[in-house]
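Encoded as C-alpha cells, the structure appears first; notes follow it.
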Amino acid sequence: AAEVDLEKLFRPFGKLISVRVRIRQPSIPGDANSFAFVTVDSAYDRDAALHALTGTIYQGKQLKVEDNTPITEHQRSFEA
C-alpha cells in the first residue's frame, strides 16, 4: 500500500502526524513484505485505529496493527 492509501485508511481515526511505508526485500522471490509506521495525534486515536483495523483485510492482505509507543521511565514505574 502506498502512503496516500494508508492516510485514507487511518484518517477517520484522528489527526495523522506521519505515515511511512517500508518494503522489505524478499528472501524468496515474489514474497515481498511491506510494513508501515503511522503516527497519530493522541493515544485515544491510536487505540481506536488499533482496535478497528487489526485483522481486517486491506488490499488483499490481513492487517496487523500494533502499538509501537516507546515506554517512558514514568510509565515503567507504574507497571512494575
Side-chain angles (χ1 to χ4, degrees):
E3 290 172 356
V4 68
D5 297 326
L6 291 173
E7 287 175 12
K8 290 177 186 176
L9 181 65
F10 279 84
R11 186 165 305 168
F13 300 99
K15 181 180 176 186
L16 301 180
I17 304 300
S18 68
V19 176
R20 295 178 296 147
V21 174
R22 300 291 179 254
I23 298 175
R24 187 177 335 177
Q25 295 302 317
S27 56
I28 300 170
D31 191 33
N33 190 9
S34 61
F35 55 98
F37 297 96
V38 178
T39 305
V40 295
D41 190 45
S42 73
Y44 178 82
D45 296 340
R46 177 200 64 222
D47 292 344
L50 192 146
H51 293 295
L53 297 175
T54 296
T56 61
I57 304 297
Y58 182 71
Q59 295 185 350
K61 303 279 185 172
Q62 185 174 19
L63 296 179
K64 181 178 179 182
V65 182
E66 297 178 345
D67 179 2
N68 197 23
T69 305
I71 296 176
T72 64
E73 289 301 320
H74 180 73
Q75 289 170 319
R76 280 191 193 110
S77 66
F78 289 108
E79 293 175 354

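The 12-atom threshold is exceeded at CZ of Phe35, counting heavy atoms of other residues, nucleotides or ligands nearer than 6.0 Å.
Residues Val21 and Tyr58 share a hydrophobic cluster, clusters being chains of Ile/Leu/Val/Met/Phe/Trp/Tyr side chains in contact below 4.5 Å. Under the 4.5 Å side-chain heavy-atom criterion for ILVMFWY residues, a single connected hydrophobic cluster contains both Leu53 and Leu50.
Between Lys64 atom NZ and Thr56 atom OG1 the span is 14.0 Å, to the nearest 0.5 Å. With values rounded to the nearest 0.5 angstrom, Leu63 atom CG is found 11.0 Å from Lys61 atom NZ.
Residues Arg20 and Glu3 come closest through the heavy atom pair CA-OE2, 3.4 Å.
The residue from Leu6, Val19, Asn68 that alone fulfils the side-chain contact (heavy atoms from CB on, under 4.5 Å) condition with Phe37 is Asn68.
Look at Asp67 and Arg46 and you find a salt bridge, because one of the NZ, NE, NH1 or NH2 atoms lies within 4.0 Å of a carboxylate O, short of that distance.
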